[in-house]
Amino acid sequence: MIPPGATQGASWRRLSPRMLLVHPVREVGQAIPALFGLLVAGRAMGDGQLWWLAPLAVLAVIVLSVLRWVTTTYRITPEQVQLRTGLLQRKMISTPADRVRSVDVTASALHRVLGLAKVEIGTGGHEAGKGLSLDSLTVAEAAGLRAELLHRSAATTPDTAGAGEAPATGAANRPNLGSVRGTPEMPGSDMASWDRAGLDWTENAASGAASAGQPPAPAEQESELVRMDPRWVRFAPFTMSGVLGAAAILGLGSRLLDQSGVDATDVGPIRGGLAYLQRTPIWLDVLQGLLALVVFVTVLSIGGYALMYWGFRLTRHPGGTLHVTRGLLTTRAISIEERRLRGLELAEPLLLRVVHAARLGGITTGLRSKGGADGASSLLLPPAPAGVALEVATQILRDRTPLEVPLTAHGPAARQRRFTRALMGALFLVVAAGLAVWSGAPPWLAVAALLTIPLAVLLAADRYRSLGHAMAGRFLVTQAGSLFRRRDVLECDGIIGWNLRQSFFQRRAGLATLTATTAAGRQQYAVTDLPLPLAVSLGNRAVPGLLDEFLVPLPAR
Amino acid sequence: MQLRDPAHLVSPRAIAYWTVRVVPLWIVLLAGELIWWWSARDHRALRGTLLAVTVLLAAVDLIVMPRWRYRVHRWEVTSTAVYTQSGWLVQERRIAPLSRVQTVDTERGPLEQLFRLANVTVTTASAAGPLRIHGLDRAVAEALVAELTEVTSRSLGDAT
């Protein structure tokens, strides 16, 4: 059904015909295991009669792709974004254009070879991942579409001067961009430069919009906030990504071994290695094992960092959007509307703090950050020098105070709670180790457990030092954690409620955890373990008026 | 200044409801341990301690918890905000401005229907902050939902 009032305006457009090359390759790739299985099965049955199934399957995939190309059309009217798909079961997805919250352009290596990109239009809200996906458009179309959708509001405002200048600035930008493209900024990064040329939405936006007969976009004078310095790769080993990658690879390897039914000790190199380990003293084994692990994890993390963040670039468009471009093989271009940006998360895990680095994530309505800032689409700066992070954060917020404001400490009761909790953990380990030694485990276990006590003390001290909150202008700032320290800067306007939580022990200590709920980012940002009166006054200051009706004077003592 | 309690208590029938709700769990646990008690021969001290601890915890959960909860669980709706308080060992107060309320639901489970109770859930645009009022008298819950629906339909915007 076409809603009334949406029929005039744009005509239906098709995906790029070059997608016919992407889909079969990918789907045949996915089908290879099945085809292989079919082949083996056919051979095993001994009658080789099934060989014709393979070309038939390939043919079917190609036919399906063509059908998909024929049946998939989309259009953008002033009110609606509409996508029609399906041959037998026709489906039409419509989204109000003003609900579009993000337009992500992703291009895998295959897409890039063909000059294509996949466009995902997110509408945010609670139905995350239910947006529209256009796979694939040409790079120019994708960039044009993106500009069209994102700067609709900017384009409709009577910014005559900007609109008039658009072609001129577009042309003026061209040689500029060309020179940037040609400059060997990053040694050996032809690929990255090529990608930037391809995905640079600014220039293509202007030309794409003009060629499509759309109203000209306003002056495309985006300013670059930060660009990845290849030297930042040195921070990669200090993130958890390598460890996680190693764990994943080892897990996958063991599963493969397990499923293929091969005994690990039968594999030549592993058997050789085990034999070697048995010949050498144990301390040497441990040392070599650790060294190998460190090298393995380092290589993985550097590779991961480069794959994810190579060519990372954060730019601001005067229309009110931030743009992130990144990726080595698969490139991603992500845009965040600044009016949906409710704040920042400055993550400084212990390891990154050691090398004076930090990472930035955005607190954005409609982009749910999943877990850490790594890999989440709200990433605004990969691990980078702390000074750069501070500078970028200042530029994004247009305010330096939230990041530098001295935090209010939460007092002796909160400090005691940090120590109690850390020492309880250590004590548990000591008791467990003691029981183990008592029942026959080697005594070094107890020594190791005892060593966790000073570590716990250090951890608790650092956790207390990190703990704090502040009000800085229109932002609520809260910081906590040691191993994964994070400073959250949340715009008070984005706070849509308070949860004030007190466990039994917190009540005895006179503490409370004040959580600001919000529609953005993690959905909740907590100020942990602060004295109850302070919690109430902080809540009152951050969202004036909300608590008024529920406040009473303290009882006179 | 300090934050006062919300104005209204929930229905006194909630005490019975909270008690009955946890009875099956304790029956299953105690039955299992009694079977072990009668069937096993060794581990006498272990069986005894376990049984005693279970009986003690059951007593707390069946006698103390519902009454404690009843004293904590409170709610209030003003012209501008919803304010709830819940829990017993861990207590939580939640406040949301009416202008940010997105949906108001009421729900009655079978057991709640038996006690003529209902609970009301008020959600905001944040996934973290639904305000739940458990153990309301059914008539009170219906009046509350009607009032909240009326108030929130008047406010504009997408409440984010």
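Below, read A as the first sequence line, B as the second, and so on, with proteins coming before strands; counting in each chain starts at 1.
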Is there a donor-acceptor pair closer than 3.5 Å between any side-chain N or O of A:Gln523 and the backbone N or O of B:Ala127?
yes
For A:Leu532, is it the side chain, the backbone, both, or neither that has a heavy atom closer than 4.5 Å to a heavy atom of chain B?
neither
Is it the case that atom CE in B:Met1 sees more than 12 heavy atoms from other parts of the structure closer than 6.0 Å?
yes
How far does CG of A:Leu546 sit from CG of B:Leu98, to the nearest 0.5 angstrom?
9.5 Å
Distance check, rounded to the nearest 0.5 Å: A:Leu500 atom CG versus B:Glu92 atom CD?
8.0 Å
Considering heavy atoms only, which positions within residues 77-91 of chain B lie below 4.5 Å of chain A?
B:Thr78, B:Ser79, B:Thr80, B:Ala81, B:Tyr83, B:Trp88, B:Leu89, B:Val90, B:Gln91
To the closest 0.5 Å, what do you measure between CD (B:Gln102) and CD1 (A:Ile496)?
7.0 Å
Quick check on A:Arg486: does its CZ atom have over 12 non-hydrogen neighbours (other residues, nucleotides or ligands) under 6.0 Å away?
yes
So which heavy atom on A:Asn499 is nearest to which on B:Arg94, and how close?
OD1-CG, 3.2 Å
Return yes if some donor-acceptor pair links the side-chain N/O of B:Arg4 with the main-chain N/O of A:Pro553 below 3.5 Å, else return no.
no
Value rounded to 0.5 Å, distance of CG in A:Leu547 from CD1 in B:Ile95:
4.5 Å
Is A:Gln416 atom CD crowded by more than 12 heavy atoms from other residues, nucleotides or ligands, each under 6.0 Å away?
no
Taking atom CZ as the centre, does A:Arg507 end up with more than 12 heavy-atom neighbours from other residues, nucleotides or ligands that are less than 6.0 angstrom away?
yes
If I take atom CZ from residue A:Phe550 and atom CD from residue B:Glu76, how far apart are they, to the nearest 0.5 angstrom?
5.0 Å
